[in-house]
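Everything on this sheet refers to the single structure shown next.
When a residue number appears, it is its place in the shown sequence, counting from 1.
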Amino acid sequence: MDEQHTDPDGPASGGLDPRAELSEFLRTRRARLKPEDVGLPDFGRHRRVPGLRREELAQLAGVSVAYYTRLEQGNGRNVSAEVLDSIARALRLTDAEHAHLTHLAKPKRHRRRQVSRTQQTRPALRHLLESMDTVPAYVVGRRSDILAWNRMAAALFGDWGRMPAQERNWARLVFLNPDYRELFVEWDQKAYDMVAYLRMDAGRHPDDPQLSSLVGELSVKSEEFRRLWAAHDVKEKSHGVKHVRHPLVGKLTLLWESFRPAGDDTGQSLVTYFAEPDSPSAEALRLLGSWGVDARRSGTSAPTA
């Protein structure tokens with residue numbers, strides 16, 4: 001199954017403010033560090049705010065306090081890659097956080113087609129999905145939009161083909177659809193990951209008005225999303241383990257892998273789920289494959305928007 005995903009008309013406003021994003025990201029990263037974490041003495045002085053002071057962070061990074069202050073105020077113009085590397089080391093950023101810092105401080109201007117309102121998957125990628133008849137798999141694009149999927153993904157996660165295109169979005173499903181809160185055993189971790197992926201996307205495409213609209217909608221409708229978004233945490237899709245509570249076959253323990261097509265600058269990823277061989281979860285997937293989406297429709301309700 002595959003769908004061309006067309007976004008609805010966006011708001012009149014533009015995307016997110018890169019200066020504000022840079023300022024808040026640096027502030028939150030600095031706030032999570034204590035002097036003892038980075039080898040600085042802590043003389044027990046009262047700190048009005050948590051974490052390192054600006055002057056302490058500037059000392060660690062080898063830049064002047066005035067320079068770092070300007071950067072934390074959102075002024076990343078003309079900052080060098082070397083300085084960003086030093087600040088990233090001082091803040092003990094992960095690779096994903098380092099990349100996010102670079103995106104925010106030195107944003108790239110995207111051509112209009114890159115923030116177009118229509119995302120499409122390559123025919124070869126759709127054919128690959130169709131050929132994976134025993135593995136749930138889907139393609140996710142910018143803003144966590146679900147662009148294409150196979151029959152096994154529909155059997156595992158619900159019949160996305162029956163949803164309006166706007167609702168085929170992982171962030172909306174996780175935060176606004178109560179059925180998906182039941183589907184994921186560790187819903188809190190799924191929610192955290194979802195927001196961290198969106199934050200990463202926002203760093204790459206701060207001028208995307210559709211992403212800004214999505215963030216605004218979720219912030220209004222979900223207190224949990226607002227809290228997680230304010231933390232400014234980021235991460236890349238990679239791999240892991242998910243525990244799913246399926247309405248037909250019960251609990252499954254599934255491994256997942258995310259792949260970014262080589263040479264593809266659209267921000268799309270192929271995500272696959274699979275079980276350990278000869279495990280109860282492998283048998284459950286086999287049953288789902290034999291029943292398909294029709295089994296859900298005939299009796300048990302599936303997650304729908």
Side-chain angles (χ1 to χ4, degrees), residues 15-110 188-189 191-208 211-212 215 219 224-240 258 260 267:
L16 302 172
D17 181 356
R19 289 175 61 99
E21 293 294 306
L22 174 60
S23 177
E24 285 299 301
F25 179 70
L26 286 172
R27 184 187 62 78
T28 55
R29 299 313 89 176
R30 180 168 56 84
R32 71 183 181 181
L33 289 176
K34 299 176 181 178
E36 56 267 31
D37 294 334
V38 294
L40 291 177
D42 185 358
F43 300 108
R45 295 173 295 173
H46 177 68
R47 290 176 177 261
R48 291 177 296 175
V49 294
L52 296 179
R53 296 186 175 92
R54 283 176 174 171
E55 56 267 27
E56 292 170 330
L57 196 284
Q59 175 188 343
L60 289 170
V63 299
S64 70
V65 177
Y67 187 98
Y68 177 77
T69 299
R70 287 196 301 272
L71 187 62
E72 194 172 292
Q73 289 173 344
N75 186 1
R77 289 180 300 174
N78 302 320
V79 63
S80 68
E82 291 75 18
V83 168
L84 289 179
D85 289 347
S86 296
I87 291 173
R89 285 193 297 270
L91 287 171
R92 301 194 171 185
L93 300 186
T94 66
D95 290 343
E97 290 172 330
H98 191 169
H100 187 62
L101 173 62
T102 301
H103 293 148
L104 295 178
K106 302 174 76 68
K108 296 180 180 179
R109 289 197 172 275
H110 297 285
D188 289 345
Q189 183 63 50
Y192 172 87
D193 291 344
M194 197 69 260
V195 175
Y197 299 151
L198 276 185
R199 271 285 181 199
M200 202 75 191
D201 201 15
R204 292 190 180 100
H205 301 281
D207 52 352
D208 184 350
L211 190 148
S212 180
V215 170
S219 296
E224 290 154 316
F225 178 86
R226 287 197 305 273
R227 175 179 56 81
L228 291 170
W229 187 256
H232 286 262
D233 291 338
V234 295
K235 66 187 302 185
E236 292 274 20
K237 299 182 190 72
S238 56
H239 57 86
S258 176
R260 183 71 60 86

Non-neighbouring partners of Gln73 that pass side-chain hydrogen bond (donor to acceptor under 3.5 Å, both in side chains), sequence neighbours left out | none
After noting the C-alpha distance and the side-chain angles of Leu93 and Ile87, does the key distance pass the side-chain contact (heavy atoms from CB on, under 4.5 Å) rule?
-> CA-CA 9 Å; Leu93 300 186; Ile87 291 173; 6.0 Å; no
One should read off an interatomic distance between Leu198 CG and Trp229 CH2, to the nearest 0.5 angstrom, of 5.5 Å
Determine the minimum heavy-atom distance between Thr28 and Ala230, stating which atoms define it.
-> CG2-O, 4.2 Å
Could you pull out the closest heavy-atom pair between Ser80 and Tyr67, with the gap in Å?
-> N-OH, 4.3 Å
Tell me, do His103 and Phe25 make a side-chain contact under 4.5 Å, heavy atoms counted?
-> no
Step-by-step side-chain contact (heavy atoms from CB on, under 4.5 Å) determination, Asp201 to Asp208 | CA-CA 10 Å; Asp201 201 15; Asp208 184 350; 5.7 Å; no
Minimum heavy-atom separation for Ala105 to Leu22, with atom names?
-> CA-CD2, 4.1 Å
Provide the closest heavy-atom pair for Leu104 versus Gly203 in the form atom of the first, atom of the second, distance.
-> CD2-CA, 4.0 Å
Just how far is it from atom CG of Leu16 to atom CG of Leu211, taken to the nearest 0.5 Å?
-> 6.0 Å
Hey, which of His100, His232, Glu24, Glu72 is the one that makes side-chain contact (heavy atoms from CB on, under 4.5 Å) with Arg29?
-> His232
Would you mind reporting whether Asp207 and His205 have side-chain heavy atoms less than 4.5 Å apart?
-> yes
Counting distance only, does the side-chain N/O of Lys235 pair as donor-acceptor with the main-chain N or O of Ala96 below 3.5 Å?
-> no
Sub-3.5 Å donor-acceptor pair from the side chain of Thr102 to the main-chain atoms of His98, do we have one?
-> yes
Considering all heavy atoms of both residues, which atom of Leu57 and which atom of Ala90 are nearest to each other, and what is their separation?
-> CD2-CB, 3.9 Å
Within-4.5 Å side-chain heavy-atom neighbours: Leu33 and Leu91 = yes
Correct closest heavy-atom pair for Val83 and Val63 would be CG1-CG1, 4.1 Å
side-chain hydrogen bond (donor to acceptor under 3.5 Å, both in side chains) with Ser86: which residues, sequence neighbours excluded?
-> Arg89
Salt bridge (charged side-chain N to carboxylate O under 4.0 Å, His left out) partners for Glu21, two or more places apart | Arg199
